2 protein chains.
Amino acid sequence: MSAILSRTKAADDLRAFSRSLPMALLKAREAVMARFRPLLREHDVTEQQWRALRALTTVEGLRAGELARLSCISMPSLSRILKTLDKRGLIARSSEDSDQRAVNIAISDEGRRLVARIGPHSEQRYADIAEAFGARRLEALYAELDALTSCLAVDGEIPLPDED
Amino acid sequence: MSAILSRTKAADDLRAFSRSLPMALLKAREAVMARFRPLLREHDVTEQQWRALRALTTVEGLRAGELARLSCISMPSLSRILKTLDKRGLIARSSEDSDQRAVNIAISDEGRRLVARIGPHSEQRYADIAEAFGARRLEALYAELDALTSCLAVDGEIPLPDED
DNA sequence: GCAAGAAACATAACATGTTAAATATTAACA
DNA sequence: TGTTAATATTTAACATGTTATGTTTCTTGC
């Protein structure tokens, strides 16, 4: 019976372990990304490269720090990613006149074409997810995720974009 | 006025961009992990090492593949992590008699002591999050995340642990 | 039994995450 | 003005994620 008891205890602990918030978020993200990764891979861009390019299509001429915040990529990673995107001719970098430290980044025509090629497919996959899970339900999940994020945000932290 | 128009358009696109499910999940996860990382760092374990150790306390004697699934770590990563944990004397590896390919992994006494030291603090941070966000609300979020994950799971995919 | 295929891990190669430190430039201020 | 502190970005070092491939060990069909 000790065997049974310990087995039961193990099962309970396991359930507790599986009920970890970071892991729940990780699994959900992984499930979502599984729908996008093949598409991005077909076009030889990584998830992060895609996020950066996508952000660059929304605002012309971003500074590195701004891009990092918008695309949720850490500066060290972004620094490497920009090097790659630059080599591939998908972006252009230029230093700012008013502040020589700053780097201005703009998407190139080729980068824009790449986004234009991938974009529609990405939107389609996104629509598939919304349909499978329920559009309304998905909106509610967004709201809860945003709430959790801002609820846990420390003062010095990056806030969510204004929801005016 | 063209400037105003383009600015408005950019703002709209930006909002659409920020409304990306992968990024919402990423931000939420990041906000949560920000509460745990300092603790883990204090004890010189990474997030993934912690997940592996924690899983190993729930079931004695796991095979590598099982541990990978339970802790949501890919086999290549786990392979490296186990090497590290082994070197640090936190786990023990042994080959299985019935199947020479399989590797049995067990947490060591020292590993168990480490988990015992960190565990309570981790639980405390977890409780803090539950209090800040609302315990009930957090449970609901779990349920939605699990639902999203299984909703998007492809057939060959790893299912969620049984919720009997 | 044995050869072909599957399974369980390990390794390799490249990209990214995380932390700390370096570099260059600007701002602040005594 | 010159020295110090702060800012923007980069680089370094190490750990992990992702994909592909290698290795060993079962399994299966013949």
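Residue numbering restarts at 1 for every chain, and letters A, B, ... go by the order of the sequence lines. What you are looking at is a predicted structure, and each value in this text was computed from that prediction instead of being measured.
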Side chains of residues 116-123 of chain A: which donor-acceptor pairs under 3.5 Å do they make with residues two or more places apart or in other chains?
none

What's the closest nucleotide to the side chain of [X] if the choices are [options]?
X        : options                : answer
B/Arg41  : C/dT19, D/dT19, C/dT26 : C/dT19
A/Asp99  : C/dT25, D/dC26, C/dT18 : C/dT25
B/Ala102 : C/dA24, C/dG17, C/dA8  : C/dA8
B/Pro76  : C/dG17, D/dT18, C/dT16 : D/dT18
B/Ile73  : D/dG17, C/dA8, C/dA10  : D/dG17

Would you give me the side-chain donor-acceptor pairs under 3.5 Å for residues 70-80 of chain A, sequence neighbours excluded?
residue, atom, partner, partner atom, Å
A/Ser71, OG, A/Leu67, O, 2.6
A/Ser74, OG, A/Ser77, OG, 3.2
A/Ser77, OG, A/Arg80, NH2, 3.2

Base, sugar-phosphate, or nothing: which does [X] touch, judged by heavy atoms less than 4.0 Å apart?
X       : value
B/Arg80 : base
A/Ile81 : sugar-phosphate
B/Gln49 : sugar-phosphate

Practice item. Give a yes or no on whether a donor-acceptor pair under 3.5 Å exists between the nucleobase atoms of D/dG17, that is its base, and the side chain of A/Arg37. Key: no
Check your understanding: Under the 3.5 Å rule, do the base of C/dA7 and the side chain of B/Arg101 count as making a donor-acceptor pair?
Key -> yes
Check your understanding: Looking only at side chains, do B/Glu96 and B/Ser98 share a donor and an acceptor under 3.5 Å apart?
Key -> yes
Check your understanding: Between atom CD in A/Glu66 and atom P in D/dT7, what is the gap in whole Å?
Key -> 16 Å
